[in-house]
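Just below is one structure, and these are the notes that go with it.
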Amino acid sequence: METPSRFYDEMHHEGGAYRDPYADYGAWFDGEDAARLQRMSGEAEAFFRRTGITFNVYGEEAAAERLIPFDVVPRVIAAREWDRLVKGIEQRVTAINAFLHDIYHRQEIIRAGRVPAALIENNEALIPQMMGMAPPGDIYTHIVGVDLVRTGPDEFFVLEDNARTPSGVSYMLENRETMLQLFPELFSRIPVRSVQSYPRNLHHSLAACAPPACTGKPVVAVLTPGIYNSAYYEHSFLADQMAVELVEGHDLRVDNGRIAMRTTQGYKPIDVLYRRVDDEFLDPLTFNPDSMLGVPGIMDVYRAGGITIANAPGTGISDDKAIYSYMPDIVEFYTGKAPLLKNVETYRCAEPDSLAYVLENLAELVVKEVHGSGGYGMLVGPAASRAELAAFEAKLRARPANYIAQPTLALSTVPILAEAGLAPRHVDLRPYVLVSPDGIKVTPGGLTRVALKEGSLVVNSSQGGGTKDTWVLED
Amino acid sequence: MLGKTAGGLYWMFRYLERSENTARLVDAGFRIALTHSSVAEDEWKSIVSTTGEKAAFNARHDRYNSANVVDFLLRDTTNPSSVMSMIESARTNARLVRTALTREVWEATNECYMTLQKTLGQSIADRDLPQVLQTIRQQSALVRGALHGTMLRNDIFNFARLGTFVERAESTARILDVKYYVLLPSVSFVGTSLDNVQWETILRSVSSATAYRAMHGGEPRARTIAEFLIFEHQLPRSLAFCHGKIDNNLGHLAMEYGQNSPSYELSTASRQRLEDLTIEKVFDGGLHAFLQNFIRENTTLARQIEQDYRFNG
């Protein structure tokens with residue numbers, strides 16, 4: 001496949017006129033003083049610093065706190081576009097939860113030959129302790145982030161499902177807060193749907209999955225690895241917004257068959273734990289014995305119905321990049337309908353034919369590690385040097401099953417405010433989805449990540465990406 | 001609330017209080033150094049002693065001059081008691097207990113840290129020192145203002161205040177103790193100009209020179225100064241005031257939690273002891289011994305608070 005030279009510009013028609021969703025914003029923008037906008041852009045940074053919306057970069061000294069750059073030009077999505085996305089997301093998330101239930105019970109999908117048994121059995125993300133266990137409300141993944149990219153007017157693709165502990169939702173909320181502070185007038189002129197109910201909905205979703213042991217009003221807590229974790233700000237932000245305790249492993253212990261937190265008045269049981277600690281570190285008695293971040297014995301309490309863990313351990317089996325290529329089958333198998341959202345065509349390098357094709361066309365493909373994340377360990381063929389291609393080829397040959405490859409997508413662009421004015425940059429979108437026995441809620445908006453470097457297709461914050469406020473318009 | 005959070009709040013406000021106290025000591029020392037160069041070195045030395053970091057100072061510097069002491073007490077991040085170190089620790093604790101703070105308190109603390117990082121980032125020339133101290137005072141005042149203006153008066157607030165007053169009680173007691181010999185009524189050079197200088201340092205160290213004049217007028221006298229800093233109920237830095245506040249805060253906690261704590265018994269006893277004492281009795285038993293005993297009791301009380309409210313386990 002050839003790298004397209006033209007990309008879909010979400011803001012402008014080819015002639016330069018504003019597309020419909022951007023008409024009101026464009027009219028406002030054209031009437032603004034360019035110098036004022038630049039000044040506001042600087043103020044946005046000060047706002048983020050003061051609020052402390054920073055992240056730590058692994059490998060740098062603990063004190064190094066960085067800002068994710070924020071761009072003041074919003075990404076706008078029309079009501080009609082959004083409604084279609086929501087239907088697709090709901091379908092996909094329903095399928096993911098059904099798939100997880102199935103994998104940890106009868107494994108019908110393997111029996112039906114739609115997903116190879118080896119892919120599941122040999123997967124590190126599969127947690128044997130979850131076999132036959134029914135999480136409260138039968139919900140495995142309560143909070144999902146579905147990464148979408150766009151290539152044309154009605155062309156959206158799912159790039160990745162994040163069913164473990166998706167992060168970034170605090171940016172969705174703080175980006176909006178920043179825009180409200182900087183440009184209040186925009187929100188009285190343009191009907192933008194609110195995202196502010198997310199923390200309340202999150203609390204509601206979590207409380208709705210209280211375990212059998214819960215008597216009274218469910219007590220929710222957020223489990224963080226601590227202040228040096230890269231997403232600590234988000235953990236404290238969410239706990240604060242939900243008005244629940246932010247706990248670390250050493251605040252917790254098993255007490256009378258429950259997980260209890262050490263309060264100023266003794267140990268108090270927790271009903272639902274929104275954990276932002278990976279599976280591996282959750283319980284040193286069950287998983288990594290060296291973990292200081294988890295709670296010894298929590299898995300036993302969980303299996304006995306003493307606590308709800310959100311997301312459930314073992315959800316990683318559904319968002320693995322190797323599983324991803326089977327998602328169209330998975331959606332169809334559990335919902336009985338064709339998937340509404342498209343998958344990106346994916347070559348599984350474990351299969352000899354695919355590997356041959358990938359090696360042949362390496363310079364045109366994007367290659368990803370099956371278990372990788374954060375944009376690390378990935379090759380963007382068209383942007384790679386000859387030496388990088390050769391090095392990657394060797395890696396592929398050595399461990400083909402560790403990789404998948406995809407065509408380089410012509411990601412859409414939304415302009416950022418650069419020094420010389422508007423300049424197109426590639427974007428993706430992560431909407432946030434809450435699942436509870438009461439249903440699925442998709443917050444109208446999400447996190448738009450933008451590659452700030454001209455021409456770059458990598459939007460990850462760890463790789464120089466920034467963020468934008470995402471506006472979903474009222475009908 | 002979590003025991004860890006209560007402990008984090010308590011320490012956050014201890015650190016903030018200590019940074020203010022240190023800045024105040026530097027202010028007092030600087031005044032003396034400007035006007036009485038002959039005693040400057042001794043005054044700086046006693047100020048470093050008051051902060052309890054004499055050994056650390058001697059490991060880094062060989063002379064007690066303004067430049068060395070100011071640098072050590074305000075900027076030196078290898079000195080755990082410097083203003084910059086304290087503010088950094090306070091902010092780390094604020095991040096830890098972010099969910100217990102209002103947005104205003106957190107932002108004021110964060111901004112205090114960012115501003116002081118800039119202000120204290122380079123060495124301070126003598127002529128810039130007043131401005132730097134002013135900035136430190138202002139930034140601390142903003143945090144305090146946010147605390148008082150926006151926080152609920154619940155257990156969270158009480159733990160924050162406990163940190164403030166435990167630290168302040170210790171600080172005032174140390175200031176007095178380092179200088180106790182100039183406060184003794186028997187000292188022969190009473191009324192000399194040197195004495196006046198020393199007394200002025202003490203009053204300035206607790207920002208109470210004007211208050212003292214307003215309440216006692218005229219020339220400062222050793223006995224009245226000691227009485228003022230130990231017993232004066234209206235003075236927010238006196239020992240009686242601090243232990244009265246601690247007792248109130250622990251009383252509020254006992255009421256909110258529906259349970260009296262051992263630390264509350266200790267604080268009530270301490271408050272009562274101070275009420276029963278007079279300055280004459282203090283001098284009869286020895287001022288130094290009294291202050292040493294007070295510092296010990298204050299530490300015992302602090303440990304009991306930590307234990308009662310499960311700060312660490």
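The basis for the numbers below is simple: all heavy atoms, side chains too, and nothing from hydrogens, waters or symmetry mates. What you see is a predicted model; the values in this text were computed from it and never measured. Order of the sequence lines fixes the chain letters, A, B, ..., with proteins taken first and strands second; residue numbering starts at 1 for each chain.
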What part of A/Gln241 lies closer than 4.5 angstrom to a heavy atom of chain B: side chain, backbone, both or neither?
neither

Is there side-chain contact between A/Asp240 and B/Arg103, with heavy atoms separated by less than 4.5 Å?
no

Within the 4.5 Å heavy-atom criterion, are A/His250 and B/Lys4 side-chain neighbours or not?
yes

Any side-chain heavy atom of B/Arg98 sitting closer than 4.5 Å to one from A/Ile227?
no

Between B/Glu107 and chain A, which part of the residue has a heavy atom less than 4.5 Å away: side chain, backbone, both or neither?
both

Hey, is CD on B/Gln259 packed in by over 12 heavy atoms from elsewhere, all under 6.0 Å?
no

Which atoms of A/Tyr267 come close to chain B, meaning under 4.5 Å heavy atom to heavy atom: side chain ones, backbone ones, both, or neither?
neither

Heavy-atom distance under 4.5 Å to chain A: side chain of B/Asn93, backbone, both or neither?
neither

Go through the atoms of A/Val247 and report whether side chain, backbone, both or neither lie under 4.5 Å from a heavy atom of chain B.
both

Residues A/Gly52 and B/Asn110: closest non-hydrogen pair is N-ND2, 3.7 Å

What distance do A/Asp251 atom CG and B/Arg310 atom CZ have between them, rounded to the nearest 0.5 Å?
13.0 Å

Main-chain N/O of B/Gly3 paired with A/Arg262 side-chain donor or acceptor, under 3.5 Å
no

Gap between atom OG1 of A/Thr264 and atom CD1 of B/Ile305 - 0.5 Å precision
13.0 Å

Side chain, backbone, both or neither: which part of A/Gln265 has an atom under 4.5 Å from a heavy atom of chain B?
both

Hey, what do you get for OG1 (A/Thr263) to CE (B/Met1), rounding to the nearest 0.5 Å?
9.5 Å

With the threshold set at 4.0 Å, does a side-chain nitrogen-carboxylate oxygen contact exist between A/Arg50 and B/Glu104?
no

Note: vs chain B, highest number of non-hydrogen pairs under 4.5 angstrom among A/Ala221, A/Gly226, A/Ser236, A/Ala243 is A/Ser236

Per-residue contact mode, A/Arg253 against chain B (heavy atom under 4.5 angstrom):
neither

Closest-packed option against chain A by number of heavy-atom pairs under 4.5 Å, given B/Asp308, B/Leu2, B/Thr99, B/Val97:
B/Leu2

Side chain from CB out, backbone as N, CA, C, O: work out which of these in B/Phe311 comes under 4.5 Å of a heavy atom of chain A, or both, or neither.
backbone

Side chain, backbone, both or neither: which part of B/Ser261 has a heavy atom under 4.5 Å from chain A?
neither

